[in-house]
Amino acid sequence: MVDPKFEYLLRLADNALVLSQRLSELCGKGPALEEDMALTNVALDLIGQARFWFTYAGEIEGAGRDEDQLAFLRDAHDFHNLLLVEQPNGSYADTLARQFYFDSWHYLLLEKLVASSDEHIAAIAEKSLKEVRYHLRRSGDLIVRLGDGTDQSHSMMQNAMNDLWMFTDEMFQADAVDQAMVEQGVAPDLASLRAPWIAHVTEIFEDATLQVPPINAWMQKGGKQGVHTESLGYLLAEMQFLPRAYPGAIW
Amino acid sequence: MIANTEQIWDWLAEVPDPEIPVISVVDLGIVRDVAWEDGECVVTITPTYSGCPAMLVIAESIEEALKNRGIARFRMKTQLSPAWTTDWMSEAGKIKLKGYGIAPPAQQVIDISSITSRLARKRADDLKVACPHCGSTNTRCSSQFGSTPCKALYRCDDCLEPFDYFKCH
């Protein structure tokens with residue numbers, strides 16, 4: 001049986017890597033120079049965090065796989081990231097909606113992981129939390145500015161929030177891996193993050209004059225179990241092409 | 001060759017940061033410890049930001065400095081916790097930053113435990129950063145993210161110059 005801690009670390013790594021790859025797609029294409037730099041800075045933080053998680057996952061697995069093998073030599077069904085982070089960049093409102101939903105959850109999760117019984121997980125979380133604090137400040141700030149902006153920016157922001165809403169519930173749905181981590185004191189109960197997440201999203205939406213979509217809406221799930229939307233395969237095909245076409249290639 | 005650790009600290013204080021060459025890796029607080037373990041010099045460093053591309057160059061520059069001083073056996077150790085903070089930046093480093101045109105971190109790192117509250121966000125927004133060119137605090141943030149992970153973009157509303165701010169972390 002796979003060590004649940006290995007599986008748990010992969011999920012953390014995959015979330016960071018896949019979102020980083022999505023943001024990297026926008027490098028040189030941001031709607032303004034400042035936004036371009038912010039997107040790539042966030043992508044850079046996330047890739048750094050993914051590397052810490054992958055490296056540690058490889059150590060826990062003990063099969064000799066390093067960060068590169070885990071990132072580049074697994075197929076879509078072996079990726080266990082949230083469906084939210086693999087969603088395409090869409091319009092800039094979609095990019096920001098995805099970022100804000102994820103940042104709010106990521107921040108709350110890392111805050112708890114700092115107290116993990118696993119010292120190495122706690123150390124990576126402590127490091128990452130400081131970076132994610134800036135991510136969350138930025139995405140929340142932009143949601144307010146665009147939501148409370150022009151009629152057009154308001155309606156685009158509201159539509160983007162509505163469209164991605166169905167991918168948010170998965171962040172709080174625990175399975176056997178999550179439960180094992182809670183029992184070992186490694187990770188928090190995901191359900192406990194829901195109330196503070198809703199509270200923060202609601203507060204930002206109020207400032208942004210946006211409506212929070214209905215809590216009891218239909219929700220998608222499956223990312224953590226390797227059942228993905230069609231978007232992930234294309235993302236991986238681009239990201240993994242080089243190391244697969246030229247095995248062992250180095251700079 | 002065996003040099004005492006104090007001597008090694010002095011050598012490392014001459015290793016410049018690759019992105020901001022006016023300050024050293026010691027000024028930045030990246031070097032956490034220097035020690036001898038069984039005849040091997042162990043230098044402990046901590047990354048500034050998880051994905052900072054300068055970290056590789058920094059590790060190589062430190063290795064180079066040790067080699068050039070005749071230290072044959074050394075090892076680099078990376079430590080994540082406690083996480084790097086701009087509070088570890090030396091006062092001399094802050095003065096050098098300012099002279100280089102980058103506003104140094106304006107204050108002690110603010111409490112991050114409550115960023116998800118309106119009040120904490122407001123406090124963070126109210127931060128006053130002095131323009132490194134004219135000294136005015138009539139400045140505003142144009143972006144929290146700048147040309148490197150450690151900097152934010154600001155502009156001065158008095159002298160109208162844009163500038164980099166080394167953000168609190």
Side-chain angles (χ1 to χ4, degrees), chain A residues 16 20 30 32-53 55-56 103-104 107-108 110-111 114 119-142 144 196-197 199-204 206-207 251, chain B residues 19 30 32 44-56 77-88 105 109-127 140-155 162 164-165 167-169:
Chain A
S20 175
L33 182 61
E34 289 80 2
E35 281 306 298
D36 205 288
M37 285 161 80
L39 292 165
T40 41
N41 265 291
V42 174
L44 198 59
D45 287 340
L46 290 170
I47 195 92
Q49 294 166 16
R51 292 185 62 187
F52 290 140
W53 295 126
T55 301
Y56 188 41
D103 288 345
S104 306
Y107 182 87
L108 293 165
L110 290 171
E111 223 177 18
V114 168
E119 275 181 24
H120 198 60
I121 289 179
I124 299 173
E126 181 189 345
K127 180 87 206 145
S128 307
L129 181 64
K130 299 182 82 168
E131 293 158 1
V132 171
R133 169 174 173 264
Y134 277 102
H135 304 176
L136 177 57
R137 258 188 72 188
R138 167 179 173 271
S139 56
D141 182 45
L142 283 168
V144 172
W197 184 85
H200 181 59
V201 168
T202 304
E203 192 181 280
I204 292 288
E206 277 170 14
D207 289 353
W251 289 110
Chain B
E19 294 278 0
I30 289 172
R32 301 314 303 152
T44 305
I45 56 172
T46 192
T48 49
Y49 283 74
S50 298
C52 182
M55 285 313 293
L56 182 66
K77 201 165 106 183
T78 300
Q79 177 184 296
L80 289 182
S81 179
W84 177 79
T85 161
T86 41
D87 290 348
W88 293 341
V109 170
I110 49 170
D111 177 20
I112 64 167
S113 59
S114 56
I115 194 66
T116 51
S117 83
R118 276 196 184 103
L119 187 66
R121 287 198 300 278
K122 170 118 179 47
R123 213 164 50 220
D125 289 342
D126 286 347
L127 175 70
R140 60 194 149 110
C141 178
S142 4
S143 176
Q144 286 291 337
F145 295 86
S147 54
T148 65
C150 54
K151 288 179 282 182
L153 290 174
Y154 271 71
R155 67 170 274 161
D164 274 336
Y165 165 58
K167 59 195 180 195
C168 291
H169 195 73

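Numbered from 1 within each chain, the chains take letters A, B, ... in sequence-line order.
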How about A:L44 and B:Y49: do any of their side-chain heavy atoms sit closer than 4.5 Å?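 No - every pair of side-chain heavy atoms lies 4.5 Å or more apart.
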What is the minimum heavy-atom distance between A:E126 and B:S81, and which atoms define it?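 So the minimum-distance heavy-atom pair works out to OE1-OG, 2.6 Å.
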Closest non-hydrogen atom pair between A:M37 and B:G146, with its separation: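 Closest approach of A:M37 to B:G146: CE-C, 3.2 Å.
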Look only at the side chain of A:K127 and the backbone of B:T48, and say whether a donor-acceptor pair between them is shorter than 3.5 Å.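 Yes, the answer is positive, given that a donor and an acceptor are paired below the 3.5 Å cut-off.
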With a 3.5 Å distance limit and no angle check, can you tell me whether A:E131 reaches the backbone of B:S50 through a side-chain donor-acceptor pair?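 Yes; judged by distance alone, with no hydrogens or angles, the pair exists.
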At what distance, to the nearest 0.5 angstrom, does CG of A:N41 lie from OG of B:S143?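 Output value for this atom pair is 8.0 Å.
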Under 4.5 Å from any heavy atom of chain A - which part of B:T46: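 For B:T46, neither part sits under 4.5 Å from chain A.
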Choice from A:A50, A:A122, A:A38, A:G140 maximising heavy atom contacts with chain B below 4.5 Å: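 When all of A:A50, A:A122, A:A38, A:G140 are compared, A:A38 has the most.
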Should the ring pair B:F145 and A:Y134 be called parallel, tilted or perpendicular, given that the plane angle runs from 0 to 90° and is split at 30 and 60?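 Ring orientation of B:F145 relative to A:Y134: perpendicular.
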Report, as yes or no, whether the 6.0 Å neighbourhood of atom CZ on A:R138 holds more than 12 heavy atoms from other residues, nucleotides or ligands.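 Yes.
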Can you say whether A:I124 sits under 4.5 Å from chain B via the side chain, the backbone, both, or neither, judging by heavy atoms?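 Both backbone and side chain of A:I124 come within 4.5 Å of chain B.
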